[in-house]
Amino acid sequence: MVETAMISGVVRCTGAACSSLVSVNETLELGGSLDCTNDKCALSVRSGGDMTATGTISCSGNGEIRTSGKISVLGTIRCISALCPLELEGGQIEVGKFGNVQGGDVIMKSEKIAVQGSISTTGQGHTEQAGSGKGSRPLSSWTTSYDEWRVAGSGAGHGGDGADGCYQYSSSYGSKPSGGDSYGSSSEPRTFGSGGGRGCYYSTSCSSSSQIGVGGSGGGRIYMNASSIEIDSDATISADGAPGSMRSATSSTGYGAGGSGSGGSILLAACNVSGDGTVSARGGSSRDGP
């Protein structure tokens with residue numbers, strides 16, 4: 001272990017079973033790039049003093065950053081995979097105005113947490129048609145070839161039921177998919193958002209990439225535990241669901257659009273929470289349908 005360290009270039013882990021450990025006794029300054037995104041690459045950063053990140057720290061597996069001092073996020077710390085856990089623990093955590101923390105399951109523990117920038121798990125929960133409140137795709141009853149004709153997938157549920165799929169061509173064909181079920185706890189919100197249902201344009205092509213709208217992913221989870229949490233007026237803490245995509249052949253219309261993912265969960269556990277920034281865990285927006 002070294003007393004102090006500075007990374008100003010690029011450090012990349014590329015092996016098939018790659019994991020990275022950066023450990024210093026005192027101060028760690030990261031102004032370059034620390035990249036561990038191959039497969040499910042795990043990343044651990046530990047400091048016996050303060051850590052300042054003005055560059056980019058990326059991982060695709062478990063990510064953890066632990067210090068005895070202050071963690072200052074002035075650049076980007078991210079875990080790019082769905083449901084990806086990213087934990088920050090230190091004496092104090094500050095996400096600066098241009099700082100950005102992203103992951104699927106973000107956990108922050110400290111005596112004091114101050115947010116001026118962005119903390120987001122938006123679209124990093126369950127993927128299309130996955131999760132307890134997953135949306136549905138139109139299913140054929142084989143009574144007509146039009147059961148899946150230009151029908152949007154349904155929206156995912158979480159705190160409430162998701163929206164039903166809606167027809168973009170004719171409501172006389174088939175049956176529209178029902179929205180996903182509600183689930184989770186309003187007093188202890190710690191569940192991932194679910195994925196929206198797949199939309200179909202033609203009954204025979206609901207597996208063709210040009211004829212489907214992919215359901216949006218749900219929002220992830222955010223848990224912040226501190227004596228005090230300050231959220232600046234320009235700060236955002238979000239676990240929103242992602243909108244479903246429109247099929248590639250008709251990007252200007254909602255025919256056969258995927259249903260949107262449901263919002264995830266945000267739990268702020270603190271003696272004092274102050275500030276007037278934005279905190280949201282909303283479902284994805286509509287694509288001319290749910």
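Just so it is clear, the model here is predicted, and its values are computed rather than measured. No hydrogens, no waters, no symmetry mates; every other heavy atom, side chains included, goes into these values.
- Among pairs with a residue in residues 18-70, none fulfils ring-ring contact (aromatic ring centres under 6.0 Å, His included), at least two apart in sequence or across chains.
- Judged by distance alone, the side chain of Asp161 and the main-chain N or O of Gly179 form no donor-acceptor pair under 3.5 Å.
- Residues meeting the disulfide bond (SG atoms under 2.5 Å apart) test with Cys79, sequence neighbours left out: Cys84.
- Put simply, the side chain of Ser194 gets close to the backbone of Gly133: a donor and an acceptor are under 3.5 Å apart.
- Note: Thr54 OG1 to Leu30 CG = 6.5 Å, rounded to the nearest 0.5 Å.
- In summary, the side chains of Ser217 and Thr127 do not present any donor paired with an acceptor at a separation below 3.5 Å, with no hydrogens or angles considered.
- Formation of a donor-acceptor pair under 3.5 Å by the Ser233 side chain with backbone atoms of Asp276 is not found in this model.
- Contacts of Asp240 classified as salt bridge (charged side-chain N to carboxylate O under 4.0 Å, His left out), with partners at least two apart in sequence or in another chain: Arg282.
- Phe192 belongs to a hydrophobic cluster with Leu83, counting contacts under 4.5 Å between side-chain heavy atoms of Ile, Leu, Val, Met, Phe, Trp and Tyr, direct or through other members.
- Hydrophobic clustering, with ILVMFWY side chains joined whenever heavy atoms are under 4.5 angstrom apart, groups Val11 together with Leu28.
- Among residues two or more places apart in sequence or in another chain, the salt bridge (charged side-chain N to carboxylate O under 4.0 Å, His left out) test is passed with Lys109 by Glu87.
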Does the pair Val151 and Cys200 meet the rule for a side-chain contact (heavy atoms from CB on, under 4.5 Å), with working shown?
-> CA-CA 6 Å; Val151 182; Cys200 303; 5.8 Å; no
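- A donor and an acceptor atom, one from each side chain of Gln102 and Ser120, are nowhere located under 3.5 Å apart.
- Residues passing the side chain to side chain donor-acceptor pair (under 3.5 Å) test with Ser187, sequence neighbours excluded: Ser185.
- Residues satisfying the side-chain contact (heavy atoms from CB on, under 4.5 Å) test with Arg46, not counting sequence neighbours, are Leu21, Ser23, Ser44, Glu64.
- Screening residues 106-137 for disulfide (SG to SG under 2.5 Å), with sequence neighbours left out, gives no hits.
- Panel note: side chain Ser110, backbone Gln92; a donor-acceptor pair is recorded below 3.5 Å.
- Ile80 and Ile65 fall into different hydrophobic clusters, where Ile, Leu, Val, Met, Phe, Trp and Tyr are joined by side-chain heavy atoms under 4.5 Å apart, directly or via other members.
- A donor-acceptor contact shorter than 3.5 Å links the side chain of Ser265 to the backbone of Thr191.
- Applying the side-chain contact (heavy atoms from CB on, under 4.5 Å) criterion to Arg12, with sequence neighbours excluded, gives Val10, Thr14, Asp35.
- Its side chain within the 4.5 Å cluster rule, Leu267 clusters with Ile107, Tyr223 among the Ile, Leu, Val, Met, Phe, Trp and Tyr residues.
- One distance of note links CG of Leu268 with CD1 of Ile237; it measures 5.5 Å at 0.5 Å rounding.
- In this structure, the separation between OG on Ser227 and CG on Asn272 is 9.5 Å, given to the nearest 0.5 Å.
- With values rounded to the nearest 0.5 angstrom, Met51 atom CE is found 5.5 Å from Ile71 atom CD1.
- For the atom pair CD of Gln116 and OG1 of Thr236, the computed distance is 12.5 Å after rounding to the nearest 0.5 Å.
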Between Lys70 and Asp50, is a salt bridge (charged side-chain N to carboxylate O under 4.0 Å, His left out) present by the stated rule, with each step listed?
-> CA-CA 5 Å; Lys70 179 180 179 181; Asp50 297 337; over 6 Å; no
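- Hydrophobic clustering places Val106 together with Leu34 (ILVMFWY residues linked when any side-chain heavy atoms are closer than 4.5 Å, directly or through intermediates).
- Applying the salt bridge (charged side-chain N to carboxylate O under 4.0 Å, His left out) criterion to Arg78, with sequence neighbours excluded, gives no partner residue.
- Hydrophobic clustering places Val24 together with Ile57 (ILVMFWY residues linked when any side-chain heavy atoms are closer than 4.5 Å, directly or through intermediates).
- Although no hydrogens or angles enter the test, the distance criterion places no donor-acceptor pair under 3.5 Å between the side chain of Ser136 and the main chain of Ser154.
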Mind running side chain to side chain donor-acceptor pair (under 3.5 Å) on Thr122 and Ser238 for me, showing each step along the way?
-> CA-CA 6 Å; Thr122 291; Ser238 58; 3.3 Å; yes
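- One hydrophobic cluster holds both Ile266 and Ile231 under the rule that ILVMFWY side chains link at heavy-atom gaps under 4.5 Å.
- When atom types are taken as modelled, the side chain of Ser47 and the backbone of Glu26 share a donor-acceptor pair closer than 3.5 angstrom.
- The distance from the CD atom of Glu29 to the OG atom of Ser72 is 10.0 Å, given to the nearest 0.5 Å.
- In this view, Glu230 and Lys112 satisfy the salt bridge (charged side-chain N to carboxylate O under 4.0 Å, His left out) rule, not counting sequence neighbours.
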